[in-house]
Amino acid sequence: MTLSNSIIDTTARLLVFTRTPVPGGVKTRLSSAIGDERTVAVHTGLLERTLEQARRSRIGDIELWCTPTTRHPVLADLRDRFSLALQMQAGADLGERMQSAMEQTLKTCRHALLIGSDCIDLSAADIDLALAKLVAGYDVVLGPAHDGGYYLIGLSRLQRQLFADIAWGTDRVLPVTRERAAQLELKLFELPVRRDLDRPEDLRYL
């Protein structure tokens, strides 16, 4: 059930993580099967769908965090159409880049939620539920993905241990994150399991 959009939450910010849509620079496992140009088209379509769901959520402050560059006509078009800020990801790996973005956000916002751009069935209701649980006092919210990772993480206070020394891109991401949360005695809420699109066999769900 989607929360009412009549009240937009301005104490939270939603960070959408993505890669610049250039041939050979996105979803290399997928491009080996369908080619670079079609892969870019799939990537861009999923990014646009993600932003549509983000805009329907209660969170009024949305940023698009990009790597390796924000300078691309597709990103400029999305910035203008969705009225959002473009930010550069910074860090040696995905964990460092997520930690840096969350740390920067939580300096000025009460709640920070970070999502990827390749979740096939992410909905505005998922985002709203994640925000509601943070407001209710949960320390961390995770959106588990079928591949063993997660499509969303939400925090109200930075937890650096959730981003360090993790084998990103493997099926160990989610279980290790759960273990870290338990070790830190964090109150964890998990959203419904959703599916990311990363491999050729995932295309049947698109």
[Y] backbone acceptor or donor facing [X] side chain under 3.5 Å:
| X | Y | answer |
| --- | --- | --- |
| His43 | Lys27 | no |
| Asp121 | Arg195 | yes |
| Asp118 | Asp196 | no |
| Thr105 | Ala101 | yes |
| Gln99 | Gly95 | no |
| Thr70 | Cys66 | no |

Test log, rule side chain to side chain donor-acceptor pair (under 3.5 Å), inputs Ser117 and Thr18: CA-CA 6 Å; Ser117 60; Thr18 193; 3.1 Å; yes
Listed once per pair and sorted, the side-chain hydrogen bond (donor to acceptor under 3.5 Å, both in side chains) pairs that draw on residues 179-194, sequence neighbours left out: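 Listed once each, the pairs are Asp126-Arg194, Arg178-Glu190.
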Under-4.0 Å salt bridge between Asp93 and Arg97: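 No, no charged N to carboxylate O under 4.0 Å.
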salt_bridge(Arg55, Glu52) N-O dist < 4.0 Å: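 The answer is yes: the pair qualifies as a salt bridge.
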Pair up each side-chain donor or acceptor in residues 149-166 with any protein partner under 3.5 Å, not counting sequence neighbours, and list the distances.
unit_1: Tyr151; atom_1: OH; unit_2: Pro192; atom_2: O; d: 2.7
unit_1: Ser156; atom_1: OG; unit_2: His111; atom_2: ND1; d: 2.8
unit_1: Arg160; atom_1: NH2; unit_2: Glu103; atom_2: OE2; d: 2.8

Set of side-chain hydrogen bond (donor to acceptor under 3.5 Å, both in side chains) partners for Thr50, sequence neighbours left out: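 side-chain hydrogen bond (donor to acceptor under 3.5 Å, both in side chains) list for Thr50, sorted by chain: empty.
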